[in-house]
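Positions are given from 1, in the same order as the sequence printed here. FYI, side chains are in, hydrogens and waters are out, and symmetry mates aren't considered; it's all heavy atoms of this structure. Counting convention: from 1, in listed order, for ligands and their atoms alike.
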Amino acid sequence: MASEKLQQKLNEQITHELGAELQYLAMSFWFERENLNGMANWFRTQAAEEHDHAMKIVSLLNEWDHSIALVSPPNPTIDFDSVESVFDAALIHEQRVTAQITEIFSMAREESAWHVEVAFQWFITEQVEEEVHARDNLAKIRMVGTNPAALLEFDRHLSA
Ligand SMILES: [Fe+2]
Ligand SMILES: [Fe+2]
């Protein structure tokens with residue numbers, strides 16, 4: 001069993017993951033309006049992954065007969081100043097999620113909620129991967145600067 005406090009944290013994480021799904025969708029739509037379809041595709045794929053993260057936690061709670069509150073996330077940011085600002089926001093977002101995930105992992109370990117700890121090992125691995133990608137994308141978009149040809153090349157790279 002997970003304590004009430006840990007169950008609440010897991011419920012909050014479902015909201016965070018659904019919030020990330022919405023945020024990445026909003027970013028994807030913004031890129032579509034900018035005619036950067038590769039970047040739009042990248043964020044659409046990320047949104048689907050965030051949805052899966054939320055469902056993984058739902059399954060974990062269900063398997064242990066814990067209750068699911070299903071609280072709505074806040075509205076996403078829909079407007080951005082530049083391509084770089086979107087990738088910047090994405091990295092900051094992933095770093096925040098990593099902190100949330102490691103907090104849950106630590107709580108699980110403290111109270112010997114092994115089922116949660118094992119499940120969240122997967123999430124930590126996933127977060128490392130997502131942060132690496134977010135950092136890499138931001139570094140590359142900074143290299144692109146104001147060069148349209150380089151921007152289109154990077155957009156093509158993200159469409160794959
Ligand atoms: Fe996630
Ligand atoms: Fe993520």
Output all residues satisfying side chain to side chain contact (heavy atoms under 4.5 Å, CB included) with Ala20, sequence neighbours left out; order by chain, then residue number.
Glu50, His93
Show your working on side chain to side chain donor-acceptor pair (under 3.5 Å) between Glu12 and Gln8 and close with a plain yes or no.
CA-CA 6 Å; Glu12 286 169 12; Gln8 194 188 326; 3.2 Å; yes
Gln127 and Glu131: side-chain donor and acceptor closer than 3.5 Å?
no
Would you give the length of the straight line joining atom CD1 of Ile57 to atom NE2 of His66, rounded to the nearest 0.5 angstrom?
13.0 Å
Between Ser85 and Phe80, is there a donor-acceptor pair closer than 3.5 Å when you use the side chain of the first and the backbone of the second?
no
Near the Fe ion (ligand 2), meaning under 2.8 Å, the protein N/O/S atoms are Glu50 OE2, Glu94 OE1, Glu94 OE2, Glu130 OE1
Tell me if a side-chain donor or acceptor on Asn11 pairs with a main-chain N or O of Gln7 at a distance below 3.5 Å.
yes
